[in-house]
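Data first, discussion second: the structure below is written as structure tokens.
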Amino acid sequence: MNRVPRASTTSTRRAAILRWLGASVLRAVVVLWASATLVFFITRLVPGDPAEAALGGPGSQASEEAVDAVRRQFGFDQPLPVQYGIAMLSLLRLDLGTSYALRQPVATILADAVPGTLLLAVLSLVVAWVLALGLTLAQAHGSRIAARIGDTVEIVASALPHFWLATILIAVFSTALSWLPPVSNGTAAGLVLPVVTLAIPIAGFLAQVMRGSLAEALDSPFAISARARGETRMGLVTRHALRHAALPALGLSAWAFGYLIGGAVVVETIFARPGLGRTLLSAITVRDIPVVTGVVLVSALVYVVLTMATDALTRLLDPRTAGGSR
């Protein structure tokens with residue numbers, strides 16, 4: 001029997017890793033460029049003069065001379081292709097510009113807003129995974145009644161809109177029971193309701209994915225072999241099948257995190273919590289194009305990084321997905 005030399009195997013794996021890394025970086029660049037391009041043209045399609053928006057909007061009663069000066073300052077008097085080129089070159093220099101409304105560097109505004117939203121999204125994703133695993137394990141013993149109840153809970157949870165869920169949670173736990181504050185107050189208690197609001201819909205979706213994968217894993221040859229060796233159903237689930245069932249949901253974690261970032265717009269507004277969501281909403285209201293662009297790019301960057309991380313983790317847990325492995 002011929003054996004593959006260890007050096008050859010190591011070289012093949014290294015080449016596969018480099019190919020994957022290069023393709024991932026290329027995809028990241030394309031996603032960021034596409035996001036910046038989309039935001040640029042969408043903001044230019046919004047009715048109104050961006051120069052007036054930079055001066056505070058039509059209600060500012062700025063003089064024509066001041067408007068013309070702003071047009072020259074920000075290049076609004078240039079043709080659209082020239083404006084696009086200037087914007088892309090600025091982004092290549094990592095220059096996000098200055099906020100029209102706040103007169104501060106966009107990088108400074110984002111540095112203040114990003115930590116709060118990332119904390120909210122990370123905690124929500126962790127809680128969503130805990131809830132999804134709990135729902136999956138609760139249905140794993142094979143009871144038909146438990147499966148039907150769990151199926152209903154998953155479908156209802158994944159369909160709940162954030163604004164409705166936040167309203168119900170505030171009415172129950174803040175107004176009726178007075179257990180938790182209705183708005184974020186900088187304490188751990190103020191984080192509970194926003195985190196639960198974001199986590200429940202994602203938990204329902206992840207649980208649906210894991211339940212379907214778990215059913216397939218329990219019917220696979222390795223599960224049949226484990227049963228033949230005397231393994232109990234719950235032992236089979238916890239020690240073998242659950243890992244396989246979690247892989248598809250793990251691959252969707254980057255999407256889930258992006259969904260949480262998007263949901264933060266509603267949740268941060270309802271719970272009066274500072275972060276990217278409220279910053280984006282305020283910027284859209286006053287047509288603060290640099291801030292809108294900065295928030296979108298940061299969100300896209302977070303999504304890209306998490307996609308690469310979940311892909312790498314999936315390859316680590318399931319070597320079959322890694323090209324070049326034996």
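Below, each value reflects all heavy atoms present in this structure, side chains not excepted, and no hydrogens, waters or symmetry copies. Along the sequence shown, the residues carry numbers beginning at 1. Remember, predicted model here, so these are calculated numbers, not experimental data.
Rounding to the nearest 0.5 Å places CG of L180 at 11.5 Å from OG1 of T175. For the atom pair CG of L123 and CG of L191, the computed distance is 6.0 Å after rounding to the nearest 0.5 Å. Atom CG of residue L110 and atom CD of residue Q104 lie 11.0 Å apart, to the nearest 0.5 angstrom. The structure places CG of L118 at 11.0 Å from CG of L260, a figure rounded to the nearest 0.5 Å. Here the CG-CG distance, from L198 to L193, works out to 11.5 Å after rounding to the nearest 0.5 Å. Atom CG of L91 is separated from atom CG of L32 by 9.5 Å, given to the nearest 0.5 angstrom.
Both V122 and V265 belong to a common hydrophobic cluster when Ile, Leu, Val, Met, Phe, Trp and Tyr are linked at side-chain heavy-atom distances under 4.5 angstrom. Hydrophobic clustering keeps I42 apart from I289 (ILVMFWY residues linked when any side-chain heavy atoms are closer than 4.5 Å, directly or through intermediates). Put simply, L165 and W179 are part of the same group of oily side chains (I, L, V, M, F, W, Y) that touch within less than 4.5 Å, one to the next. A continuous path of hydrophobic side-chain contacts links V156 to Y259 [ILVMFWY only; heavy atoms under 4.5 Å]. By the criterion of side-chain heavy atoms lying less than 4.5 angstrom apart, applied directly or through intervening Ile, Leu, Val, Met, Phe, Trp or Tyr residues, V305 is not grouped with L26; the two fall into different hydrophobic clusters.
Just one residue in the list T98, L96, I109, I284 forms a side-chain contact (heavy atoms from CB on, under 4.5 Å) with V291, and that residue is I109. Here the options are L120, T167, L169, the test is side-chain contact (heavy atoms from CB on, under 4.5 Å), and the partner is T197; only L169 passes.
Looking at Q78, its side chain never comes within 3.5 Å of a backbone N or O of Q83 through a donor-acceptor pair.
The minimum heavy-atom distance linking A199 with S124 is given by the pair CB-O, 3.4 Å. Nearest heavy-atom pair across A207 and A132 is N-CB, 3.8 Å. When all heavy atoms are compared, the tightest approach of G204 to A157 is CA-CB, 4.0 Å. Taking every heavy atom of both residues into account, A256 and L125 meet most closely at CB-CD1, 4.0 Å.
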For M88 and L92, run side chain to side chain contact (heavy atoms under 4.5 Å, CB included): C-alpha distance rounded to whole Å, both residues' side-chain angles, the deciding distance at 0.1 Å, then the answer.
CA-CA 6 Å; M88 294 301 106; L92 283 176; 5.7 Å; no

Hey, mind stepping through V31 and T307 against side chain to side chain contact (heavy atoms under 4.5 Å, CB included) and telling me if it holds?
CA-CA 12 Å; V31 168; T307 300; over 6 Å; no

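Partners of Y84 under the ring-ring contact (aromatic ring centres under 6.0 Å, His included) rule, at least two apart in sequence or in another chain, are F40, F41.
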Show me the side-chain donor-acceptor pairs of residues 270-282 shorter than 3.5 Å, one per line, residues at least two apart or across chains.
from, atom 1, to, atom 2, distance (Å)
R273, NH2, G116, O, 3.4
R278, NH1, A272, O, 3.4
T279, OG1, G275, O, 2.8
S282, OG, R278, O, 3.0

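Taking Ile, Leu, Val, Met, Phe, Trp and Tyr as members and joining any whose side-chain heavy atoms lie under 4.5 Å apart, directly or through other members, I155 forms no hydrophobic cluster with any other residue.
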